[in-house]
Amino acid sequence: MNSQYTIGAITFGFSAESIRQRYKVSDKEAFTREILTDNPGVDEKPLKKTIDKVWREAFPKQDANEEEGAE
Amino acid sequence: MIYPIKTNCKSEEKVYTKTGQCAAFENRPAGFIITDESKEFSLVEETFNTEIQSGVTAAGGNRIYPLLSGQVTDYQVNGGDVKTSQEGFGPEEPVGLNNKSVVYIINKGGLCLYRELKKLNGRTVRVIPVDINGIAFGTVKSNVAGVDKFCGFQATIWVTRRENTGSQQGAILFSVYFGSNYENEDSNFTTLQLAKLVEGLTGIALKKTTSGKAKVISACSGDDLTETFGADLAVAGLYVNSAGTAPSSVSYNTATQDLSFTPSSASYKLADAQTLTAAGLEGVEGINEYVNLA
């Protein structure tokens, strides 16, 4: 799945399949830092919200289990 | 109004010369469509046009190569019998030993188009000449299932160029050598109307600007197309790395008009025409060249 989000002047496209291949469900923070490094100037708060959505698309089951476990 | 000339492959042997006025005769050339030797189309005009449109981005032998955007300015017919002026001898009457050949004179497109067309040198293909009214000329052949199909004339291509001599403008000389079956193909010729202009593809590529960032350019001319396509380029599935995987993220910044890739230290290329067309990027295809953004 390819999803697209716009934050300020920057439009992001994400590949859930590629994220699944490169990261584990616990790597969300590392991925966020990587995106921030590659896109200096992007507003961090909406980016984190966007990545939350992207992460749920990439790891739907694992993410839900992780959240249940956290509660 | 232009009427298609029906094929005479099923006509009688008698010759009826007092025909009605037929409006359709080859008008000035608009250019041609090159197809694979095995490519055939429906004789139903609507289906034919659908097949032509989808052929522009099709893969493998189903891909067609139109050159109809005004690049062709003229063409000269050669071939036929040996001429006395060429060889010092010749037949007293037509014997049809030699096949027909034509040379299309292409004044636009320059060395970029020349380089692309030269890839066809020596290749046996089928050529569908098209005139300025959008009439496509081809032949009718029965396929293995016994169904009549429209296809181009079988020919071998050779492309060369004429240098700018000072008094004469430089041009691409696109020579089409029709095959030994041309006489039969021409007897079975037919026409179909192209519903709209068909254009070929532009090869596009990534060009690294700084680490992890790139622009999209025309592969030959180097024209920057990043702003033209804009945010439509921010789709991860339009790119692939050398391992066959899309980047996890691609972003387009309207302020800087460039693309950022994550992971940034990888080599990427743009996708094929079908993938790009599905994403709204029409008329382009990523060339088969990975660009290292590290």
Side-chain angles (χ1 to χ4, degrees), chain A residues 1-70, chain B residues 206 208-216 226-272 274-281 286 290 292-294:
Chain A
M1 185 189 289
N2 292 284
S3 49
Q4 210 180 38
Y5 303 90
T6 300
I7 302 167
I10 305 177
T11 301
F12 289 90
F14 296 96
S15 164
E17 193 181 337
S18 174
I19 290 170
R20 265 194 303 276
Q21 286 182 15
R22 292 187 61 238
Y23 302 90
K24 288 184 280 187
V25 66
S26 56
D27 290 340
K28 190 162 73 178
E29 284 306 313
F31 181 66
T32 306
R33 279 196 301 278
E34 203 172 349
I35 295 289
L36 282 166
T37 306
D38 293 337
N39 295 275
V42 67
D43 195 341
E44 193 172 333
K45 201 173 169 185
L47 177 68
K48 282 187 171 175
K49 274 189 179 175
T50 300
I51 290 179
D52 282 347
K53 284 184 203 166
V54 171
W55 222 250
R56 278 196 293 273
E57 285 173 17
F59 303 102
K61 207 172 175 183
Q62 294 97 314
D63 204 34
N65 290 342
E66 196 178 61
E67 279 170 18
E68 276 174 23
Chain B
L206 291 171
K208 179 184 169 184
T209 50
T210 58
S211 180
K213 295 187 186 301
K215 283 183 176 286
V216 171
T226 320
E227 194 186 358
T228 307
F229 295 125
D232 286 347
L233 292 167
V235 176
L238 301 184
Y239 310 88
V240 64
N241 66 18
S242 45
T245 309
S248 301
S249 168
V250 176
S251 64
Y252 171 70
N253 190 323
T254 51
T256 56
Q257 290 163 6
D258 60 7
L259 300 162
S260 297
F261 291 77
T262 303
S264 54
S265 56
S267 296
Y268 297 103
K269 69 169 186 172
L270 280 143
D272 60 28
Q274 284 176 324
T275 306
L276 294 174
T277 302
L281 307 176
Y290 293 94
N292 189 352
L293 301 182

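Order of the sequence lines sets the chain letters (A, B, ...), proteins ahead of strands, with each chain counted from 1.
- B/Ser248 and A/Ser18 form a side-chain donor-acceptor contact under 3.5 Å, judged by distance and modelled atom types alone.
- Of the listed residues (B/Thr256, B/Leu259, B/Leu233, B/Thr245), the greatest number of heavy-atom pairs within a distance under 4.5 Å of chain A belongs to B/Thr245.
- Ring to ring, B/Tyr239 and B/Phe261 are close: their centroids are under 6.0 angstrom apart.
- Contacts with chain A were tallied for B/Ser211, B/Ser260, B/Gly230; B/Ser260 has the most, counting heavy-atom pairs under 4.5 Å.
- Heavy atoms of B/Pro263 lying under 4.5 Å from chain A belong to its backbone as well as its side chain.
- Taking the six-membered ring for Trp and the full ring otherwise, A/Tyr5 and A/Phe12 have centroids separated by 6.0 Å or more.
- Scanning residues 36-45 of chain A against chain B with a 4.5 Å non-hydrogen threshold yields A/Asp38, A/Asn39, A/Pro40, sorted by number.
- The local environment of CD in B/Gln274 is crowded, with over 12 non-hydrogen atoms from other residues, nucleotides or ligands closer than 6.0 Å.
- Checked by atom type and distance alone, the side chain of A/Thr32 never pairs as donor or acceptor with a backbone atom of A/Lys48 at under 3.5 Å.
- Using modelled atom types and a 3.5 Å distance limit, the side chains of B/Tyr252 and A/Gln4 yield no donor-acceptor pair.
- Between A/Thr11 and B/Ala234, the closest heavy-atom pair is O-CB, 3.4 Å.
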